[in-house]
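Written out below as structure tokens is the structure these notes cover.
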Amino acid sequence: ALLSFYKLLFRHGDRSPIKAYPTDPYQESDWPQGFGQLSQVGMRQHLELGQFLRKRYNGFLNESYDRHEILVRSTDYDRTLMSAEANLAGLYPPTGDQIFTPNIKWQPIPVHTVPQNEEDLLSFPLGECPRYKQLMNETEHSEEFLNITAEYQDFIDMVRTKTGLNKTNVESIWSVYDTLFCESRHNKTPPHWVTPTIMEKLKVLKDFSFQITFGVYKQLEKSRLQGGILLGEILKNLTKMEIPSPQKRPKLMMLSAHDTTVAALQASMNIFNGRQPPYASCQIIELYRDDKGTLSVSMFYRNDSSAEPYQQQLPGCAFDCPLEDFVKITKPWISDDREKECQL
Ligand SMILES: CCCNC(=O)[C@H](O)[C@@H](O)C(=O)O
């Protein structure tokens, strides 16, 4: 079968912490570009991902940049915009007459975005949805949530006193883990109370907060109000490919976003592994056309740059899933009127 179209969604690369906790020995001035900024490690991660994609799609995607072939869309954050740019530097190094000035093996490629307060597709959890807020409230009274909170109550209390955070719950634990993780990745000695066991427990709670945001309790309804919105948009692109069109359509749509975006999309197809998507992790959705013209969808997840991406299976379908089955199986996970379903 011939690859006719593919959609990539990736998380930005390694960054500095989004914020510090009150007693944190490291503050904004300890980071070269301040909080929430892509590091040179993150730039290299995306350069490498772009080079991987170049190899993967050789023979399908033009060697030289063709603006009709690719559409790039990022959330309006420095780290995601810069990740997309570093990625494209790996995917489209200029050759021949595309070299616009000697000694620079790079060419500008547009990365589109919308202002953060107008972002309604790539920033999760999507807002303005009273029903989703109610679902999250109910989740906090679910058995799983109460069990985890009870099990880790003393731990959470200890973290609260050590960090000086007045409100620590499962969600706010996420940001403590994140800050400590970023500091450890950049060789900043942690405070003495942070041991590997403490980090492991923080990680369990951090991953749990991803799981409950998009699942654990009433996952299907959460997906209809969250990741299903993005999945619906992706399916619109895929099914459009069935209609032959005179003008050239992009072969590749690249989305540069966040860990919650990747998790939301995967949860809406029930293929989320329950763990925070790593830096520069990439969800790949490929559309193939066989010699009879039948379209099928194959999905891969690259969450480890030292290994081949692994193929994911949409529950209820073959690994290479006929498009019409893919649409049918995912339909219940996608709301066709989110506005209405968000009302209480
Ligand atoms: C307030 C927390 C917001 N976090 C982010 O935007 C980060 O980019 C996060 O989503 C990530 O992927 O690291």
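One-based numbering, in listed order, for ligands and for the atoms of each. Residues: numbered from 1 along the sequence shown.
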Please check if the number of heavy atoms outside R249 that lie under 6.0 Å from its CZ is greater than 12.
yes
Thinking salt bridges, do K236 and E233 make one under a 4.0 Å N-O criterion?
yes
Residue pair F10, Q283: steps toward the side-chain contact (heavy atoms from CB on, under 4.5 Å) verdict
CA-CA 6 Å; F10 51 67; Q283 177 62 54; over 6 Å; no
Once you restrict both partners to nitrogen or oxygen, which atoms of ligand 1 have a protein partner under 3.5 Å, and how far apart are they?
from     : atom 1 : to   : atom 2 : distance (Å)
ligand 1 : 6 (O)  : R79  : NH2    : 2.7
ligand 1 : 6 (O)  : H258 : ND1    : 3.3
ligand 1 : 8 (O)  : H12  : NE2    : 2.7
ligand 1 : 8 (O)  : R79  : NE     : 2.8
ligand 1 : 8 (O)  : R79  : NH2    : 3.3
ligand 1 : 8 (O)  : H258 : ND1    : 2.8
ligand 1 : 10 (O) : D259 : OD1    : 2.7
ligand 1 : 12 (O) : R11  : NE     : 2.9
ligand 1 : 12 (O) : H12  : NE2    : 3.1
ligand 1 : 12 (O) : D259 : N      : 2.8
ligand 1 : 12 (O) : D259 : OD1    : 3.1
ligand 1 : 12 (O) : D259 : OD2    : 3.4
ligand 1 : 13 (O) : R11  : NE     : 3.4
ligand 1 : 13 (O) : R11  : NH2    : 2.7
ligand 1 : 13 (O) : H12  : NE2    : 3.1
ligand 1 : 13 (O) : R15  : NE     : 3.0
ligand 1 : 13 (O) : R15  : NH2    : 2.8

Do the side chain of T260 and the main chain of F124 share a donor and acceptor less than 3.5 angstrom apart?
yes
Salt bridge or not for R131 and E138, using N-O below 4.0 Å?
yes
SB check K162 D24 (cutoff 4.0 Å)
no
